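Reminder, nothing fancy here: chain letters follow the sequence lines and each chain counts from 1. Because the structure is a prediction, the values reported are computed rather than measured.
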Protein chains: 2
Amino acid sequence: MNIQQLIEQIRQKKNYLCVGLDTDITKLPAHLAARPDAVFEFNKAIIDATKDHCVSYKLNTAFYESQGLKGWEAMEKTLHYIPSTHFTIADAKRGDIGNTSSQYAKTFFEVLPFDSVTVAPYMGEDSVRPFLEYENKVTIVLGLTSNKGSNDFQYLKLEQSSTYLFEEVLTKVASWGTPGNLMFVAGATQASQLATIRNIIPDNFLLVPGVGAQGGSLEEVSKYGLNKNAGLLVNASRAIIFASPGEDFAEKAGVVAKEYAEEMRSYLGV
Amino acid sequence: MNIQQLIEQIRQKKNYLCVGLDTDITKLPAHLAARPDAVFEFNKAIIDATKDHCVSYKLNTAFYESQGLKGWEAMEKTLHYIPSTHFTIADAKRGDIGNTSSQYAKTFFEVLPFDSVTVAPYMGEDSVRPFLEYENKVTIVLGLTSNKGSNDFQYLKLEQSSTYLFEEVLTKVASWGTPGNLMFVAGATQASQLATIRNIIPDNFLLVPGVGAQGGSLEEVSKYGLNKNAGLLVNASRAIIFASPGEDFAEKAGVVAKEYAEEMRSYLGV
């Protein structure tokens with residue numbers, strides 16, 4: 001699925017919810033935990049229960065890699081189970097020198113055919129470029145992240161421009177691609193900063209990772225982040241997938257996803 | 001293997017060479033390429049031929065991930081084949097918010113029991129901290145990289161300190177750990193910058209990735225990078241593992257590794 005198709009899905013479903021499948025194996029409901037294919041079974045049930053209330057699924061690769069080969073298998077099976085009507089994100093935060101980034105692009109666009117992948121900006125243009133070279137795929141670059149550590153470097157002021165580093169990252173990276181192949185991660189705990197971000201990149205989609213367990217306000221994020229194409233994917237992971245620790249985990253996940261979707265519908269004004 | 005043991009190995013073997021197993025499956029010798037376990041067989045032969053001339057092996061995870069499950073299997077088998085006398089590096093350049101970085105740390109310190117892993121600094125302290133919490137493991141943070149894109153952000157001047165971003169990264173990250181659990185990636189194509197780097201972090205090991213195919217000078221790197229414990233790992237990947245495209249690939253790799261090792265011995269003055 002490309003960005004145009006994502007915009008179409010948002011119009012049809014009237015929400016911009018991304019469900020984060022950060023499937024921590026230690027948090028699975030007891031009745032599932034012992035099953036041989038527990039992670040995939042959990043994801044399958046979550047997808048079935050939430051797909052009518054979201055437009056996207058994000059798999060954070062860390063939770064799969066930490067299970068070794070079995071985890072990669074679960075990631076693969078989950079990806080193939082997600083309906084083609086949903087935009088898929090490999091939240092992998094990769095980045096390396098050019099010829100090596102090409103290998104990562106191959107991994108997440110071909111071997112695992114995700115629609116998009118998150119990429120770290122520190123190594124600069126040749127670390128991002130190989131991802132952008134794929135047609136109909138989307139590169140999502142870390143702009144501002146929602147964690148405490150974002151203060152350490154992202155909020156450093158630059159001498160020449162007197163802007164913060166993350167602002168320079170947005171400005172420079174945006175010039176390497178188009179709103180059709182380039183999104184940015186924009187942390188939600190600094191909702192007031194979304195206005196600044198929108199000012200720099202009015203047309204690119206923003207992936208906002210920090211609503212729910214990480215604490216951002218959906219209302220604020222929507223107020224500052226939405227643009228004429230929606231231009232926003234708001235992710236919730238734990239708040240949805242671990243809404244209940246019991247046998248009703250999927251049902252409860254569906255309920256919470258639906259609440260998010262309905263709130264989003266009100267902000268879309270449709 | 002921890003840093004103290006690495007220092008001991010450098011003293012015994014009188015070199016600080018790291019062989020980069022960036023095993024690009026499209027570059028394997030023809031007689032190996034069709035074998036079912038080609039990547040591992042290639043690595044095994046390279047390790048046998050080079051282990052007497054190096055102290056470390058670095059696996060860039062991108063080249064394994066891009067082969068899917070089969071690639072992860074090859075990475076696992078290769079890691080377990082490396083003698084315990086050699087310091088192992090997962091060149092993964094990971095980094096995420098705290099609870100997610102913990103999953104990556106688990107991946108590369110437990111599931112795949114590497115001695116060290118490379119980490120990207122953009123997301124700040126809580127993205128690095130989970131790696132540092134492992135005893136007898138080493139976290140290698142990107143300081144200055146050797147690619148062209150390092151100019152895009154790493155060389156931005158900061159307002160408050162009037163230093164470059166990479167200098168602030170070195171200064172700040174160094175305060176989160178000790179030379180016993182924290183190394184830095186220091187790009188070799190800017191050998192003159194190694195003096196600056198050594199000034200900021202006199203005691204930490206530097207992993208220099210850019211000698212050989214990427215073009216740095218071993219003499220310059222050694223001149224500015226060596227400290228009283230050597231404090232240096234110089235990596236060469238393609239220049240060693242793809243020294244010959246034929247059936248003699250391993251033999252030739254051994255010859256090139258030995259040349260590096262002998263040159264290093266002269267710089268160590270032992």
Side-chain angles (χ1 to χ4, degrees), chain A residues 22 24 60 62-69 71-73 76 91 93-108 110-112 120-129 142 145-154 156-162 165 168-169 172-173 209 214, chain B residues 22 24 60-69 71-73 76 91 93-108 110-112 120-129 142 145-154 156-160 162 165 168-169 172-173 209 214:
Chain A
D22 296 1
D24 184 338
N60 190 310
F63 292 90
Y64 299 87
E65 289 181 29
S66 64
Q67 301 306 311
L69 280 174
W72 272 75
E73 219 161 34
E76 205 164 30
D91 194 1
K93 301 187 175 69
R94 297 299 198 266
D96 208 308
I97 60 170
N99 74 317
T100 309
S101 264
S102 301
Q103 298 289 323
Y104 282 129
K106 189 183 163 201
T107 303
F108 294 107
E110 294 183 46
V111 178
L112 295 169
Y122 190 69
M123 294 182 70
E125 183 171 358
D126 62 291
S127 71
V128 177
R129 186 66 65 189
L142 301 183
T145 59
S146 59
N147 60 324
K148 188 162 165 279
S150 63
N151 285 308
D152 289 320
F153 304 118
Q154 298 167 33
L156 289 175
K157 271 239 169 135
L158 303 177
E159 193 173 80
Q160 208 186 342
S161 54
S162 225
L165 173 62
E168 178 67 15
V169 166
K172 202 171 267 182
V173 176
Q214 284 178 55
Chain B
D22 295 2
D24 185 338
N60 191 310
T61 56
F63 292 90
Y64 299 87
E65 289 181 29
S66 64
Q67 301 306 311
L69 279 176
W72 271 74
E73 219 160 34
E76 205 164 29
D91 193 1
K93 300 186 174 70
R94 298 298 199 268
D96 207 309
I97 60 170
N99 73 316
T100 309
S101 263
S102 300
Q103 298 289 323
Y104 282 129
K106 189 183 163 200
T107 304
F108 295 107
E110 294 182 46
V111 178
L112 296 169
Y122 191 68
M123 295 181 70
E125 181 170 357
D126 62 290
S127 71
V128 177
R129 187 64 67 189
L142 300 183
T145 59
S146 59
N147 61 322
K148 187 160 166 282
S150 63
N151 285 308
D152 289 321
F153 304 118
Q154 297 167 32
L156 290 175
K157 272 238 168 136
L158 303 177
E159 194 172 80
Q160 207 186 342
S162 223
L165 173 61
E168 179 68 14
V169 166
K172 203 172 268 183
V173 176
Q214 285 178 55

Gap between atom [atom2] of [Y] and atom [atom1] of [X] - 0.5 Å precision:
X        : Y        : atom1 : atom2 : value
B:Tyr104 : A:Glu65  : OH    : CD    : 5.0 Å
B:Asp22  : A:Asn99  : CG    : CG    : 7.5 Å
B:Leu156 : A:Leu158 : CG    : CG    : 5.5 Å
B:Thr145 : A:Ile97  : OG1   : CD1   : 8.5 Å

B:Arg129, part contacting chain A, at a heavy-atom distance under 4.5 Å: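 Looking at B:Arg129, nothing touches chain A.
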Proximal component of B:Glu110, with respect to chain A [non-hydrogen, under 4.5 Å]: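 Contact with chain A involves no heavy atom of B:Glu110 at all.
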Non-hydrogen atoms of chain B under 4.5 Å away: do they reach the side chain of [X], the backbone, both or neither?
X        : value
A:Val169 : both
A:Lys172 : side chain
A:Phe108 : side chain
A:Ser161 : neither

Test log, rule side chain to side chain contact (heavy atoms under 4.5 Å, CB included), inputs B:Gln160 and A:Glu159: CA-CA 8 Å; B:Gln160 207 186 342; A:Glu159 193 173 80; over 6 Å; no
Test side chain to side chain contact (heavy atoms under 4.5 Å, CB included) applied to B:Ser101 - qualifying residues, sequence neighbours left out: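 Residues passing side chain to side chain contact (heavy atoms under 4.5 Å, CB included) with B:Ser101: B:Asp96, B:Ser127, B:Pro130, B:Phe131.
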Listed partners of A:Asp24 passing side chain to side chain contact (heavy atoms under 4.5 Å, CB included), at least two apart: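 A:Thr26, A:Lys27, A:Phe63, A:Phe242, B:Gln103.
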Exam field: side chain B:Asp152 to backbone A:Glu125, donor-acceptor pair closer than 3.5 Å: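 Judged by distance alone, yes, a pair lies under 3.5 Å.
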Top contributor to chain A interface from B:Ala105, B:Pro121, B:Gly98, B:Ala120 [non-hydrogen pairs under 4.5 Å]: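 Heavy-atom pairs under 4.5 Å are most numerous for B:Pro121.
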Top contributor to chain B contacts, counting heavy-atom pairs under 4.5 Å, from A:Ser102, A:Gly124, A:Ala62: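 Ranked by heavy-atom pairs under 4.5 Å with chain B, first place is A:Ala62.
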Smallest separation among heavy atoms of B:Asn147 and A:Met123, with atom names: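 Nearest pair, atom of B:Asn147 first, then A:Met123: ND2-O, 2.8 Å.
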Residue pair A:Tyr122 / B:Leu165: nearest heavy atoms and the distance that separates them: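 Taking every non-hydrogen atom into account, CE1-CD2, 3.9 Å.
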